Amino acid sequence: AKRLVWVPHGDVGFVPASVKEDRAAKEELVVELEDGTRETVAKDDVQKMNPPKFDKVEDMAELTCLNEASVLHNLRDRYYSGLIYTYSGLFCVVVNPYRYYPIYSERVVDAYKGKKRHEMPPHIYAITDTAYRSMIEDRENQSILCTGESGAGKTENTKKVIQYLAVVAGTTAGKSTSSPLKLERVSTSSSLMSKTGMTMHQGELEQQLLQANPILESFGNAETVKNDNSSRFGKFIRVKFDANVK
């Protein structure tokens, strides 16, 4: 059987190859690339490849060989298939597609309501629903941390978290609740501290958050290599629920 491995590549990170000769004395391997060329590489530079059954796996914690090459390959494979969300244990890895995907509608929100994580494909809604259900069942505060480099999609995914909470808490469009969500936002940028309290009615939570953004952006946004309007300040958003979880 072929022994398949990942070998370093200057342009794409890692490429697949098959081992043709093991030079144990020199700690080297002779490998054949997909185009038929052969190379001699150091054993320490080679990384194991997972069996094909793990292609596009939803949770990378399930990979038999959990290494850099396999993680990058899985994320790339899923990305090219339009699957931008991938779990890695408790974490959810998001690859910014830099274009609109129709995966944030209210119909999609409804599909994730009350579902266990393994019952649906990876999504920011699944992470949010897990936190929401844990808050209800354990009666304890929950936190979701969105982190990444400039242009990774932190701000956009934060909006999706709020959108999901607004819907599951009962503040859908055209409906008013007796106990509307209370959102408190604290943003810091060195000496800047802005605090805004907003009450959300009839599904307006996300819209009002968007309306508050330009004020903060005028102080704390700047252009970066990957983002023309990058948030250059930390954001802390607290959504408050009453005793009825509304």
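Positions are given from 1, in the same order as the sequence printed here. Keep in mind it's a predicted model, so treat the numbers as computed, not measured.
- Contact annotation: the side chain of Trp6 approaches that of Met49 to within less than 4.5 Å [non-hydrogen atoms, C-beta and beyond].
- No donor-acceptor pair closer than 3.5 Å links the side chain of Asn67 to the backbone N or O of Gln47.
- A heavy-atom distance below 4.5 Å is not found between the side chains of Tyr164 and Tyr104.
- Residues Thr147 and Lys154 have side chains that never bring a donor and an acceptor to within less than 3.5 angstrom of each other.
- The six-membered or imidazole ring of Tyr85 lies near that of His123, with a centre-to-centre distance under 6.0 Å.
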CA sep, side-chain torsions, deciding dist, call: Leu66, Val71, side-chain contact (heavy atoms from CB on, under 4.5 Å) = CA-CA 7 Å; Leu66 188 58; Val71 168; 3.8 Å; yes
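- Paired with Asp22 under the rule side chain to side chain contact (heavy atoms under 4.5 Å, CB included), one option of Glu27, Glu28, Lys43 passes, and it is Lys43.
- Tyr80 and Arg78 share no donor-acceptor pair across their side chains, judged by distance under 3.5 Å alone.
- Within the 4.5 Å cutoff, the side chain of Thr86 has heavy atoms near those of the Asn74 side chain.
- A donor-acceptor contact closer than 3.5 angstrom is absent between the side chains of Asn227 and Thr224.
- For the residue pair Tyr125 and Gln163, a side-chain donor N or O sits within less than 3.5 Å of a side-chain acceptor on the partner.
- Between Met60 and Val93, the closest side-chain pair of non-hydrogen atoms falls below 4.5 Å.
- Under a 4.0 Å N-O distance rule, the pair Arg107/Asp110 does not qualify as a salt bridge.
- With sequence neighbours excluded, no residue forms a salt bridge (Lys or Arg N to Asp or Glu O under 4.0 Å) with Glu39.
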